[in-house]
Amino acid sequence: MTKKVLFVTSISPHKSAGLAIDYISVLENLGYSVDILTKYKEKDLKNRVISAYDYFEPEAKQHLSLAQRIKKRFPFLSKLHNPSYYFYRKKVSTYSYLINEKEDMPPVPSELFLHKLEEKYDFAMVLFWHFMFSSKSIGDIYQKLKAPIFLCVADMIPMTGGCTYVNNCKNFLEHCGFCPVLGKQRYEDQTFINYSYKHKVYNSSDVVFLGNTWLNEFAKKAKLFQNVPVRQLLCITNEDFFNIKDKKQSRNCFGISDNCFLMFVGAVNLNLERKGFKYLISAVNEFSKKVNMENKQILLMTAGQNHQEYYDYFHINIKQVGFLSASELSIAYSASDVFLCPSIED
């Protein structure tokens, strides 16, 4: 009998360079039948898709409530309920408290999708849960399926009271509270409440954390995971998609000359401290001073948010290409001589 897996992702499997699709392909190659639980309906997927909302993502604006429409019209209103907003107003960006304010109130109520889970699954695998799930959702899915839940998320959300990345904060090791993002106002703050709630969910569910070696070092030390198995998840790359292409043709796609040494770097926002931007600036400028490329020009190509100030930071020419699709990203790798990754937390 074919084993069945429920693959859980809050964002479309096509997004984030198709990482979810790569995981699903591996599971299918191992003989599993995979259903996908996500936020909106999906096109161009052979798998059975179970969505919380019965419409596609581009149609979401048509289904907003009056309160949501007002917040969309006046974005600052959305920020006022978020305690981290006041912290960021002080221009302190060391931490990144930006996920669910309350763990017991997920962005998308579990009632919208639980009744649609009619199959028996051998296990569920959770990838992204931003803007849809919280630990309550994880507990609800477990209570419905009574099957192991594998957390293979790409950040620290499962082990903290709200931060995606902890930077130098050690609160999560014992118990969040006195959160620096919230101004260290009190011990039993929202991060303490979130942490306690996650602890209850994990202790009443069959949960396994799957991470890379870097994330696992943190997970093993976190008291929240004291009774949660921590296992290594190997990196998956679809080499039929991310493969070597003709460099000249790849550069033509971006209007880049063949007579240059091209360095490539990308992130949603390189200005985030954890992306190591200051190290990138230092390394690139030092490289351009010391290395003689003879008649070749040195060029830095950046993907992600475009920022005018980037042109002032570097001593070489910059080409900003904005956000790339998965296929464009694959071409960008082939166009480059060097890929730079200065991240200090990722």
Side-chain angles (χ1 to χ4, degrees), residues 1-65 68 99-100 102-155 157-158 197-198 201-202 204-210 233 236 238 325-326:
M1 184 176 177
T2 303
K3 291 189 175 182
K4 295 210 69 171
V5 177
L6 180 66
F7 195 91
V8 182
T9 173
S10 60
I11 66 172
S12 169
H14 296 290
K15 293 184 177 180
S16 290
L19 180 61
I21 291 175
D22 291 342
Y23 277 120
I24 291 167
S25 296
V26 170
L27 289 168
E28 290 176 333
N29 288 338
L30 292 172
Y32 291 98
S33 172
V34 183
D35 289 348
I36 301 169
L37 172 60
T38 190
K39 191 172 183 177
Y40 301 107
K41 290 173 67 176
E42 285 288 332
K43 296 177 181 178
D44 305 323
L45 287 174
K46 61 181 180 180
N47 307 78
R48 176 174 175 243
V49 176
I50 304 162
S51 60
Y53 298 118
D54 295 322
Y55 47 84
F56 297 101
E57 187 171 0
E59 302 167 8
K61 291 181 181 179
Q62 304 170 20
H63 297 268
L64 294 176
S65 66
Q68 289 171 325
I99 299 301
N100 309 313
K102 296 183 178 180
E103 281 296 313
D104 62 343
M105 296 177 62
V108 176
S110 301
E111 293 75 23
L112 293 181
F113 57 81
L114 281 180
H115 69 282
K116 300 177 182 179
L117 302 179
E118 299 172 350
E119 301 285 338
K120 295 284 186 182
Y121 296 98
D122 292 278
F123 63 89
M125 196 167 182
V126 182
L127 184 56
F128 299 110
W129 59 6
H130 301 63
F131 314 119
M132 181 174 177
F133 304 109
S134 71
S135 56
K136 181 183 187 304
S137 314
I138 305 302
D140 290 342
I141 292 171
Y142 174 75
Q143 292 302 322
K144 175 74 175 185
L145 303 184
K146 294 298 182 184
I149 308 286
F150 293 93
L151 304 177
C152 53
V153 292
D155 53 36
I157 278 297
Y197 190 89
K198 282 182 179 177
V201 169
Y202 292 162
S204 60
S205 308
D206 185 2
V207 175
V208 178
F209 181 81
L210 300 178
L233 180 68
I236 293 175
N238 184 346
S325 66

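Along the sequence shown, the residues carry numbers beginning at 1. Note that this is a predicted model, so its numbers are computed, not measured.
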Heavy-atom side-chain proximity of [X] to [Y] below 4.5 angstrom:
X    : Y    : answer
N47  : F7   : no
E42  : S12  : yes
M132 : F113 : yes
R48  : I50  : yes
D35  : E119 : yes
W129 : P106 : no
I141 : Y121 : no
F133 : L37  : yes

D140 with K144: basic N within carboxylate O range, under 4.0 Å: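 Answer for the salt bridge query: no.
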Polar side-chain atom of [X] near backbone of [Y] as donor-acceptor pair, under 3.5 Å:
X    : Y    : value
K39  : V108 : no
K198 : I157 : yes
S10  : H130 : yes
S137 : S110 : no
S204 : V201 : yes

Can you see which heavy atom on [X] is nearest to which on [Y], and at what distance?
X    : Y    : value
G31  : T2   : O-CG2, 3.4 Å
D54  : K116 : OD1-NZ, 3.0 Å
E28  : V34  : CG-CG2, 4.0 Å
H115 : L112 : CE1-O, 3.6 Å
G139 : S205 : CA-OG, 4.0 Å

For Y53, all residues meeting ring pair (Phe, Tyr, Trp, His ring centres under 6.0 Å), sequence neighbours excluded: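 Residues passing ring pair (Phe, Tyr, Trp, His ring centres under 6.0 Å) with Y53: Y40, Y55.
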How many angstroms lie between [atom1] in [X] and [atom2] in [Y], if you round to the nearest 0.5 Å?
X    : Y    : atom1 : atom2 : answer
K136 : M105 : NZ    : CE    : 10.5 Å
F128 : T38  : CZ    : OG1   : 10.5 Å
K41  : S51  : NZ    : OG    : 7.0 Å
K120 : L145 : NZ    : CG    : 9.0 Å

Worked check of side-chain contact (heavy atoms from CB on, under 4.5 Å) between Y32 and F123: CA-CA 11 Å; Y32 291 98; F123 63 89; 3.7 Å; yes
Show the atom names and distances, to 0.1 Å, of all donor-acceptor pairs under 3.5 Å that link a side chain in residues 14-27 to residues at least two apart or in another chain.
| residue | atom | partner | partner atom | Å |
| --- | --- | --- | --- | --- |
| H14 | NE2 | K43 | O | 3.2 |
| K15 | NZ | E57 | OE1 | 3.2 |
| K15 | NZ | E57 | OE2 | 3.1 |
| S25 | OG | I21 | O | 2.9 |

